[in-house]
2 protein chains.
Amino acid sequence: MKRVTIGDVAAHAGVSTATVSRVLNGGLVAESTAARVWEAAESLGYSPNALTRSIFAGRSSTIGVIIRDLSSPFYLDLIRGIDEVAAASDSPVMLANTYRRADREAAQVRAMDQQRVRGLIITADETADSQARRMAENGTPCVIVARNPPGLHSVSLDDVAAGELMAAHLADCGRSRVGVVSGRNRPTQVKRVTGLRHGLVERGLPEPEEVLVENEDEVDAAVGSLLHRNDTVVCTTGRLTVSVHTALTARGLKMPDDIGFLTMDDFPWASTLGISVVAQPAYEMGRRAAELVVEEPAVPARIVFQPTLIARGSCGSGV
Amino acid sequence: MKRVTIGDVAAHAGVSTATVSRVLNGGLVAESTAARVWEAAESLGYSPNALTRSIFAGRSSTIGVIIRDLSSPFYLDLIRGIDEVAAASDSPVMLANTYRRADREAAQVRAMDQQRVRGLIITADETADSQARRMAENGTPCVIVARNPPGLHSVSLDDVAAGELMAAHLADCGRSRVGVVSGRNRPTQVKRVTGLRHGLVERGLPEPEEVLVENEDEVDAAVGSLLHRNDTVVCTTGRLTVSVHTALTARGLKMPDDIGFLTMDDFPWASTLGISVVAQPAYEMGRRAAELVVEEPAVPARIVFQPTLIARGSCGSGV
DNA sequence: ATGAAAGCGCTAACAC
DNA sequence: GTGTTAGCGCTTTCAT
């Protein structure tokens, strides 16, 4: 039950703790001594205490990642990118899911701070920004994902471009009356709608009709209200894709003939179902975010990625 | 840049570090002193160092969770259950994704051990069991999910029952010739097939025809080979659901008329697509796993959950 | 009610 | 090369 410490190893090998420490960290030690120490460590089942190491270093080597919604494919790919970079720099990753609850977000940021993470990657509301700023001042690099608040590192998507990409594709497919389901109060989604509107108007098409929802429950009614006057439904967030798609198919509507459908973020079922999407380079975004944590640039980096369209036919065929 | 320590707070409040510590942990302190200390902590922006606390306690309060595949809905629900219980006991959760790579699994278990996690919940291959046992001996409660190796806590599904549930439903739907796509070398899936076989034979139906695959790439061919002689395809793991479904629909087959389809684990798109599944109570399993970590029962607990069938028509309609 | 001081497991100067 | 020793930030007796 009592943990094996460096002292036990030292005693077993007949050397001092300092020597053991040197062996473990690749300092200058005689071959024979090193061998004895390794053997002792092995036979005692020694496992170094990362906590004590960190306390000495002033911070741990762990990278903290706060995710709003693990069930979203975007975040999964983001995490994959982060994991990749973190593994390369030998940093454990501490992932926390906040389930989009503001109180949990705040609590998780605080927890990560207290764990003295080496850096923090945050996907959260504006409310977390001030906490992040305080951490940054204390020397913990914080990267905000999907938004780009001033004074902090950020990795985000060109959301306006995403909207314009949607508009271009819809125009190519000969769609003209566009209904939009969008999340309430989401700056990201507001920009996407702005881009969409701009792109449509620019092409001489009517402005999109927008309806805002808070969560899944409201989607069916929202979609219903859009169907009267539109031939296409656009969804500005991957999170609502399932609900919107369900609302459509539940009414017996077939894509693209009865209704056009275009949404954000690629996901595994999209290709089987033939759903066209505007995708974010999530994996790359994750990599960059992690790199910012590792490299700690002195001035806040604001990295913006470009979206891409993946046409699969749910809006009809292009030009 | 220099972190505020308990000493700074003490100096600022004109008391000793011991007193600050007592205030922070709710010891016996005079109201007025406590107030001064809180104020000092506040104004200095003090954030307690969880690392040093843990080193003193001998272990951290963090619960480690090692997941094979974050993209699987089963694990997402499992995590939700874990998070819920962990939050209630004020334990941060450290999540690690291993992407089904044995080397990463081993590395993550080791990392968690070195972080001195309070307990560990593992979804991994047999290869990790010995590491887990060693940790358990050192006083770190380890819970294995989805398998139940001797000597360790475990939370798993009655896989044979899952197979039998499948057989029963298929029989109800009048299916008789069943092809099975299953993962190679997965004890869990072997049991499911056993249950399926037993259930079918018991009802006087022919044995299922099984084909083993390693990963997604092989699924299409596997499914193709099953279609000649069968009217139904069963998939024994949620991980392959997309690929199997794609292989089916890509051939223009409609469910349930052209082909029956039954798979494991519920997922968001299943209801929209009308896919019948045998589901695991993932959320509850997560809760129990976390509870085992928190409660640290002295003798290994082996908890087995029962699967449920969710019929949605992809095999036709039941009796 | 409060302070002084020892010590948690480990690292890093500084001696020898 | 290797040992001694002083901390890292915090908690916890033991005095006062």
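Each chain gets a letter, A, B and so on, in the order its sequence line appears, and its residues count up from 1.
- By the side chain to side chain donor-acceptor pair (under 3.5 Å) test, Arg302(B) is found to be paired with no residue, residues two or more places apart in sequence or in another chain being considered.
- Taken over five-pair windows at either terminus, the axes of the helix from dA1(C)-dT16(D) to dC16(C)-dG1(D) are inclined to one another by 40° (rounded to 10 degrees).
- Applying the side chain to side chain contact (heavy atoms under 4.5 Å, CB included) criterion to Glu214(A), with sequence neighbours excluded, gives Arg184(A), Glu218(A).
- Every pair passing salt bridge (charged side-chain N to carboxylate O under 4.0 Å, His left out) that includes a residue from residues 84-98 of chain B is listed here, sequence neighbours excluded: Arg104(A)-Glu84(B).
- Atom P of nucleotide dG9(D) and atom CD of Gln115(A) are separated by 17 Å, given to the nearest angstrom.
- Taking atom CZ on Phe56(B) and atom P on dC8(C), their separation rounds to 8 Å, with Å as the unit.
- Arg68(B) and Asp125(B) are joined by a salt bridge, as a carboxylate oxygen and a charged side-chain nitrogen come within less than 4.0 angstrom of each other.
- Applying the side chain to side chain contact (heavy atoms under 4.5 Å, CB included) test to Ser130(A) and every residue at least two apart in sequence or in another chain returns Arg134(A).
- Taking Ala107(B) as the reference, nothing meets the side chain to side chain contact (heavy atoms under 4.5 Å, CB included) condition, with sequence neighbours excluded.
- Taking every heavy atom of residues 29-37 of chain A and every atom of DNA chain D, pairs under 4.0 Å involve Val29(A), Ala30(A), Thr33(A), by number.
- Of all the residues in residues 12-23 of chain A, Gly14(A), Val15(A), Ser16(A), Ala18(A), Thr19(A), Arg22(A) reach under 4.0 Å from DNA chain D with at least one non-hydrogen atom.
- In this structure, Ala132(B) and Ile122(B) approach most closely via the heavy-atom pair CB-CD1, 3.9 Å.
- Within residues 39-54 of chain A, no residue places a heavy atom under 4.0 Å from DNA chain D.
- For the pair His12(B) (side chain) and Ala40(B) (backbone), a donor-acceptor distance under 3.5 Å is absent.
- A distance-only check finds a donor-acceptor pair linking the side chain of Arg133(B) to the backbone of Pro150(B) [under 3.5 Å].
- The CG-P distance, from Asn25(A) to dC10(C), rounds to 11 Å in whole Å.
- Atom pair Ile55(B):CD1 and dC8(C):P shows a separation of 9 Å (rounding to whole Å applied).
- For residues 38-67 of chain B, the set of pairs meeting the salt bridge (charged side-chain N to carboxylate O under 4.0 Å, His left out) definition, not counting sequence neighbours, is empty.
- For Ala106(A), the side chain to side chain contact (heavy atoms under 4.5 Å, CB included) test picks out Arg110(A), Gln131(A), with sequence neighbours left out.
- Atom CG of Leu24(B) and atom P of dC10(D) are 9 Å apart (whole Å).
- Arg116(A) places its CZ atom 12 Å from the C1' atom of dC8(D), with the value rounded to the nearest Å.
- The distance between atom CD of Gln114(A) and atom C1' of dG9(D), rounded to the nearest whole Å, is 14 Å.
- Residue pairs meeting the salt bridge (charged side-chain N to carboxylate O under 4.0 Å, His left out) criterion with at least one partner in residues 138-149 of chain A, sequence neighbours excluded, are Asp129(A)-Arg147(A).
- Salt bridge Asp159(B)/Arg186(B): absent, no basic N to carboxylate O contact under 4.0 Å.
- Rounding to whole angstrom units, CD1 of residue Ile6(B) and C1' of dG3(C) are separated by 13 Å.
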